[in-house]
Participant: 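One structure follows; several queries about it will come next.
Just follow the structure's listing: the first ligand is 1, and inside any ligand the first atom is 1. On a predicted model such as this, the values are computed, not experimentally measured, just so you know. Below, all heavy atoms of this structure are taken into account, side chains as well, without hydrogens, waters or symmetry copies.
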Amino acid sequence: MSNCKLVNDKVEKLIASLTPELQELTDRGAKIISDGGLVAFPTETVYGLGANALSESAVAEIYKTKGRPSDNPLILHVSSIDMAEKLVKWNEKAEKLAEAFWPGALSLVLPARDIVPSKTRGGLATAAVRMPNNAIALALIKKSSLPIAAPSANISGRPSPTEASIVTSEIGDKIPLVIDGGQTIFGVESTVIDITTERVVLLRAGGVSKEEIEATLGEKVFAPQTESEVRRSPGTRYRHYAPLVPLFLVEQDEEIAESKKWFWIGTKEARFSLTKPLAEKICLDYNEYARELFKTLREAEKVGAEIIYAEKPTEVGIGLALQDRLVRAASKR
Ligand code: TXA
Ligand code: MG
């Protein structure tokens, strides 16, 4: 278990790095969580809306606050591998992946233990666990000594928040505490994989790439194919990340004549003609594209864009997660 110790040391160090002000805020947050309340906090992916994962009533508040369908399960955030093993039936693949990627943007779906309330797992026999790579998130878990169930801190169907101010304006009046940890690093949510069966299934592309997981396990990771595999991924049943402005995917060098007020996001300068863009985002790479995506969708709404064009990313690395979010957000032509 020497690697377990490495992970634990990393967690300790991260928590110790918090400023006195954030130590105090996470003390307060941990108390709220222990008392059954909700706290919004940053992770390295997006902001989460957290509550005690082991309390049915606390978890019910999450669903209510977000307006989330009750059959869409929550991820349980942990601060140690020991904590994860108390929640799910751990296996060899989990051990390998946790050693390689935790703390990090990878959620592992495993058979749930009875201690996890049915509400937390949306009625499923499995549960998703992840150790976030963010000092504030880890401090909340560690200080409350509780696994924290946390979906993204947005109203269901809206883009995930990547800054505290977005959480505050969307649901701030409904919860006692939003902890500001600045802009999140990845901007897209964690990768969710099902490792309950022989075949490893990618349920949601995210911060950790499919290629990295395949290299670590030494085996292929599959998209859900059989009916039972598709059923294991409740999150994909719902329309996500819907911007209020229609969004269309375009090729990097596509020329479009558009008379509407358009908004562009991508890695290269938009080559649209006729009208000037309302705002222009010229990103350097996919990491930045991912980091800015959800915020840009909201920005386009705010400035009154009539149409958003987004460059279609290739499926390499974080590009796969980016493409997944964009396709879900896109309007059909
Ligand atoms: O990066 C993230 O994962 C963020 C931060 C806050 O950690 N959380 C997040 O949670 O994105 P949420 O609730 O927005 O998305 C959780 C996804 C959903 O697609 C859900 O269906 C899936 O994980 N999920 C959770 N438990 C599952 C399970 N037992 N089986 C299959 N899918 C599961
Ligand atoms: Mg979400």
Side-chain angles (χ1 to χ4, degrees), residues 38-51 53 59 62-63 65-78 87-89 101-113 116-134 136-138 140-141 147-162 164 167 170-171 179 181 184-197 201-208 224 228-242 290 294 318 321 324-325 328-329:
L38 302 185
V39 176
F41 60 92
T43 78
E44 78 279 39
T45 57
V46 300
Y47 274 74
L49 177 61
V59 164
I62 295 181
Y63 284 97
T65 305
K66 276 186 63 101
R68 181 181 177 105
S70 62
D71 61 351
N72 193 3
L74 305 175
I75 295 168
L76 291 94
H77 296 69
V78 299
L87 305 169
V88 292
K89 291 181 187 121
F101 300 110
W102 280 9
L106 180 64
S107 297
L108 304 174
V109 172
L110 287 157
R113 295 190 191 276
V116 181
S118 168
K119 228 186 196 93
T120 307
R121 39 183 156 116
L124 296 178
T126 56
V129 287
R130 121 165 161 94
M131 186 188 292
N133 190 9
N134 177 286
I136 295 172
L138 290 166
L140 286 173
I141 304 161
I148 296 184
S152 48
N154 51 279
I155 296 289
S156 237
R158 297 283 294 146
S160 297
T162 51
V167 181
E170 195 158 293
I171 55 167
I179 303 181
T184 61
I185 295 165
F186 284 97
V188 290
E189 302 86 343
S190 65
T191 304
V192 182
I193 57 168
D194 186 319
I195 47 170
T196 55
T197 53
V201 181
L202 180 75
L203 298 182
R204 177 175 76 181
V208 171
S228 103
E229 283 171 356
V230 172
R231 246 185 289 122
R232 277 187 255 160
S233 184
T236 55
R237 279 202 294 270
Y238 305 100
R239 179 149 191 247
H240 271 84
Y241 323 109
F294 288 143
I318 203 163
D324 169 77
R325 305 308 186 270
R328 286 167 195 277

Participant: Which heavy atom of Gly206 sits nearest a heavy atom of Ile318, and at what distance?
Facilitator: O-CG1, 4.3 Å
Participant: Quick one: closest heavy-atom pair of Gly50 and Ile148, and the distance?
Facilitator: CA-CG2, 3.6 Å
Participant: Does one side chain, of Arg325 or Ser160, offer a donor that lies under 3.5 Å from an acceptor on the other?
Facilitator: no
Participant: Go through ligand 1 atom by atom and flag the ones less than 4.0 Å from a non-hydrogen atom of Ala150.
Facilitator: 6 (C), 8 (N), 10 (O)
Participant: Find all atoms of ligand 1 within a distance of less than 4.0 Å from any non-hydrogen atom belonging to Thr45, and give their numbers and elements.
Facilitator: 1 (O), 2 (C), 4 (C), 5 (C)
Participant: Once you restrict to heavy atoms under 4.0 Å, what part of Ala153 touches ligand 1? Side chain, backbone, both or neither.
Facilitator: neither
Participant: Closest approach of Leu140 and Val39, non-hydrogen atoms and distance?
Facilitator: CD1-CG1, 4.2 Å
Participant: What are the atoms of ligand 1, with element, lying closer than 4.0 Å to any heavy atom of Ser152?
Facilitator: 8 (N), 9 (C), 10 (O), 12 (P), 14 (O)
Participant: CZ of Arg204 to CD of Glu189: how many Å apart, nearest 0.5 Å?
Facilitator: 5.0 Å
Participant: Taking distance alone, with N or O pairs closer than 3.5 Å, would you say Arg130 contacts ligand 1?
Facilitator: yes
Participant: Going by the order shown, which atoms of ligand 1 are within less than 4.0 Å of some heavy atom of Thr126?
Facilitator: 28 (C), 29 (N), 30 (N)
Participant: Using heavy-atom distances only, which candidate in Arg204, Glu189, Arg121 approaches atom 15 (O) of ligand 1 most closely?
Facilitator: Arg204
Participant: Should the proximity of Asp194 to ligand 1, defined as any heavy atom under 4.0 Å, be assigned to the side chain, the backbone, both, or neither?
Facilitator: neither
Participant: Any idea which atoms of ligand 1 are less than 4.0 Å away from a heavy-atom of Ala127?
Facilitator: 29 (N)
Participant: So, applying side-chain contact (heavy atoms from CB on, under 4.5 Å) with Ser152, which one of Ile75, Val46, Val167, Thr45 is it?
Facilitator: Val46
Participant: If you measure from CG on Asn133 to CZ on Phe101, what distance do you get to the nearest 0.5 Å?
Facilitator: 13.0 Å
Participant: Would you mind listing which atoms of ligand 1 come within a distance below 4.0 Å of any non-hydrogen atom of Ile75?
Facilitator: 3 (O), 10 (O), 16 (C), 23 (O)
Participant: Counting from 1, what ligand 1 atoms have a heavy atom of Leu124 closer than 4.0 Å?
Facilitator: 28 (C), 29 (N), 30 (N)
Participant: Is a side-chain donor-acceptor pair under 3.5 Å present for Ser107 with Ser190?
Facilitator: yes
Participant: Is the NZ atom of Lys66 crowded by more than 12 outside heavy atoms at less than 6.0 Å?
Facilitator: yes
Participant: For His77 and ligand 1, answer yes if some heavy atom of the residue is under 4.0 Å from a ligand atom, otherwise no.
Facilitator: yes
Participant: Can you tell me if, anywhere in Ser152, an N/O/S atom lies at a distance from the Mg ion (ligand 2) that is smaller than 2.8 Å?
Facilitator: yes
Participant: Please find the pair of heavy atoms, one from Ile62 and one from Pro151, that lie closest to each other, and give the distance.
Facilitator: CG2-CG, 3.4 Å
Participant: Please identify which atoms of ligand 1 are closer than 4.0 Å to at least one heavy atom of Leu203.
Facilitator: 31 (C), 32 (N)
Participant: Tell me the nearest of Pro151, Pro73, Ala112 to atom 24 (N) of ligand 1, using heavy-atom distances.
Facilitator: Pro73
